[in-house]
Amino acid sequence: MDSVGVAAAAPDAGPGPAWQGKCPWGAPSTTSISCSLADVMSEQLAKELQLEEENAAFPEVVAAAEGPFITGENIDTSSDLMLAQMLQMEFDREYDAQLRREEKKINGDSKVSISFENYRKVHPYDSDSSEDEVDWQDTRHDPYRADKPTTTPRRGFIGKGKDITTKHDEVVCGRKNTARMENFAPEFQVGDGIGMDLKLSNQVFNALKQHAYSEERRSARLHEKKEHSTAEKAVDPKTRLLLYKMVNSGMLETITGCISTGKESVVFHAYGGNSATEDKVIPPECAIKVFKTTLNEFKNRDKYIKDDYRFKDRFSKLNPRKIIRMWAEKEMHNLTRMQNAGIPCPQVVILKKHVLVMSFIGQDQVPAPKLKDVTLSSEDMKKAYYQILSMMQQLYRECNLVHADLSEYNMLWHDGKVWLIDVSQSVEPTHPHGLEFLFRDCRNVSQFFQKGGVAEALNERELFNAVSGLNITADNEVDFQAEIEALEKMNEDHVQNHGKKQSTFSSDGDPPIYDE
Ligand code: ADP
Ligand code: MN
């Protein structure tokens, strides 16, 4: 579409600063685009604006480009988008630097200072300006949502109460400010202004101070342990950006390293930070479970989620990437149910796409040992057994869940008790294979404790009945399994005929209880 060159209002509010033309990389066309009505209708322009918006969505790439995940050596240039974002950020920072120089020059000796804050491309507070897709988590209290950057109101003074600084103090104060620049981190370039009789306005000083601090934090992160980079390389660029957002938003203090690399997930340890929101208390230590986005790993797990009625409707409509997020979402919901029932398990902190942050079971970066790795006294072993028996019952009755991957690998020994983890595959008992999963869980638990010398440990069939409350009488494994499958089949038929699922199983002819 040909555009007739009648300049209309720029799409961005307000004109850009006057120095735009002097930018070494040419006038940045993104700040103020003059366009005609024809342009407004143009698809090309729409695309450009879209791109601009997408670029603006990743201000943290600055940190990402320098942080431990993406350093000079291990920089991942395989993603064009990532590369483009990083270049854009470099450009934006250049632009901001120029802006600051200009701001400084203009404000130099003047009594009234002008702030270019609003023209900045990389805003220190703007930790997450957009999400490309909607998260499943309730986003009403999204701690990532950045507040609007605040600007100092135009008034004749700065500060409050006794800290008030009026224009009369301007000279003294300006000199002080200049001197205080010495306190900035040594790497922070303040120019040779310190040696001169330069009077820096409070506003400019504060802007510089803020910038110096964020630079300092950035640089601290950069020099943090680099040895974890191998595990971190297993995480794709999008995930790295997500993790950086968590650190940059202050929700996490640092991500110290990888605890576990499994087939379907990578788990990191992190120290909790101070969340941007007051209503969320971040545990001092966190575990970050990153569900792997390599799709083939998940194919064999389809049966857990495909038939879970809670996810059934969505399953058919979703693309594979979203199905992976569903695993993370399932883990979050299941953990929450368990938490509510008082079962010892990690507490959910936040879910972001396929990344689940929860409380860390362990201490000082050392995860609690798995039950399979810990040697317990016979007394503790017995205690653990009874605890697990009661947790399995609680899980089934109060949480309406079957763990479905319960074994000594997914139970941690911490604080003298057993903690359940890894519940992304957990299902409700009425799942078409729910009882089979439960039976397998019972087999694992009963074998572990019988081998571990707990004489009181029920065998797998007894345990199954004790947990489910069903009364399957078969005295051998094959018949028992057949009865389980018959029950599942009955339930499925019921769903087919009534379009409603039974909320509980009943083996002794009682009328089934239905969901409301
Ligand atoms: P996977 O599907 O890879 O088995 P898990 O949830 O079992 O995922 O986590 C893998 C390992 O990471 C666990 O065996 C445990 O050692 C560690 N881990 C996971 N979550 C936590 C947590 N909240 N606290 C401490 N360690 C954890
Ligand atoms: Mn596991």
Side-chain angles (χ1 to χ4, degrees), residues 228 231-232 234-235 239 243 246 251-272 281-305 323-339 343-352 354-374 384 388 391 395 401-427 437 440-441 444-445 448:
H228 302 294
E232 282 149 5
V235 174
T239 309
L243 296 178
M246 292 181 181
M251 193 196 84
L252 297 178
E253 179 63 41
T254 45
I255 299 174
T256 63
C258 175
I259 308 169
S260 152
T261 318
K263 257 199 333 210
E264 288 127 359
S265 73
V266 183
V267 180
F268 295 97
H269 171 274
Y271 283 109
V281 179
I282 311 293
E285 290 185 80
C286 295
I288 309 170
K289 187 167 179 177
V290 178
F291 288 77
K292 282 197 181 168
T293 46
T294 40
L295 308 169
N296 48 357
E297 305 280 4
F298 279 89
K299 284 217 179 92
N300 57 349
R301 300 184 77 182
D302 277 5
K303 69 171 173 181
Y304 290 95
I305 209 165
I323 289 167
I324 282 151
R325 291 201 200 172
M326 213 183 248
W327 286 107
E329 189 194 5
K330 266 190 74 159
E331 177 127 35
M332 176 188 74
H333 286 313
N334 293 340
L335 283 175
T336 307
R337 280 195 198 183
M338 290 160 70
Q339 195 78 42
I343 295 173
C345 68
Q347 189 165 10
V348 173
V349 175
I350 200 169
L351 171 74
K352 276 277 155 180
H354 58 289
V355 175
L356 179 67
V357 182
M358 55 190 146
S359 64
F360 179 71
I361 313 301
Q363 213 188 339
D364 300 331
Q365 297 187 44
V366 183
K370 299 180 186 73
L371 221 48
K372 80 167 181 74
D373 292 327
V374 78
I388 291 164
M391 284 198 296
L395 199 60
L401 284 176
V402 169
H403 187 291
D405 194 14
L406 192 65
S407 74
E408 58 275 25
Y409 288 80
N410 284 328
M411 296 190 268
L412 305 181
W413 182 254
H414 180 63
D415 260 358
K417 62 183 171 190
V418 178
W419 298 65
L420 296 188
I421 59 160
D422 202 0
V423 291
S424 62
Q425 73 294 314
S426 301
V427 295
F437 297 149
R440 196 178 56 194
D441 286 355
N444 291 338
V445 168
F448 178 77

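Each ligand, and each atom within it, is numbered from 1 in the order the structure gives.
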Please check if the side chain of [X] supplies one atom and the backbone of [Y] the other of a donor-acceptor pair under 3.5 Å.
X: Asp405; Y: Asn410; value: no
X: Arg440; Y: Ala404; value: yes
X: His403; Y: Ile421; value: yes
X: Glu285; Y: His269; value: no

**Report entry** Residue pair Val349 / Pro283, side-chain heavy-atom distance below 4.5 Å
**Finding:**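 With C-beta onward as the side chain, the pair touches.
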
Query - Heavy-atom side-chain contact between Cys345 and Met358 under 4.5 Å - result: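 Answer no - side chains too far apart.
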
Is the contact between [X] and ligand 1 made by the side chain, the backbone, both, or neither, using heavy atoms and a 4.0 Å cut-off?
X: Ile361; value: both
X: Lys263; value: neither
X: Asp422; value: both
X: Ala368; value: neither

Query raised in the report: Has ligand 1 got any nitrogen or oxygen that is less than 3.5 angstrom from a nitrogen or oxygen of Asn410?
Result: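 It does: an N or O of Asn410 is found under 3.5 Å from an N or O of ligand 1.
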
Query raised in the report: Any N or O on Gly262 sitting closer than 3.5 Å to an N or O of ligand 1?
Result: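 Between Gly262 and ligand 1 (N or O atoms, distance only) the closest approach is not under 3.5 Å.
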
Query - Option of least heavy-atom distance to atom 12 (O) of ligand 1 (set: Ser359, Ser260, Gly362) - result: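 Residue with the shortest heavy-atom distance to the ligand atom: Ser260.
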
**Report entry** Option nearest atom 6 (O) of ligand 1 (shortest heavy-atom distance, choices Gln347, Glu264, Lys289, Met411)
**Finding:**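 Nearest heavy atom to atom 6 (O) of ligand 1 lies in Lys289.
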
Query raised in the report: Is there an N/O/S atom in Asn410 that lies less than 2.8 Å from the Mn ion (ligand 2)?
Result: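 Yes, Asn410 qualifies, because one of its backbone or side-chain N, O or S atoms lies under 2.8 Å.
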
Report task. Determine whether any heavy atom of Cys286 lies closer than 4.0 Å to an atom of ligand 1. Result ->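 Outside the 4.0 Å threshold, so no.
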
Report task. Could you tell me which N, O or S atom of Asp422 is nearest to the Mn ion (ligand 2)? Result ->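 Looking only at N, O and S atoms of Asp422, the one nearest the Mn ion (ligand 2) is named OD2.
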
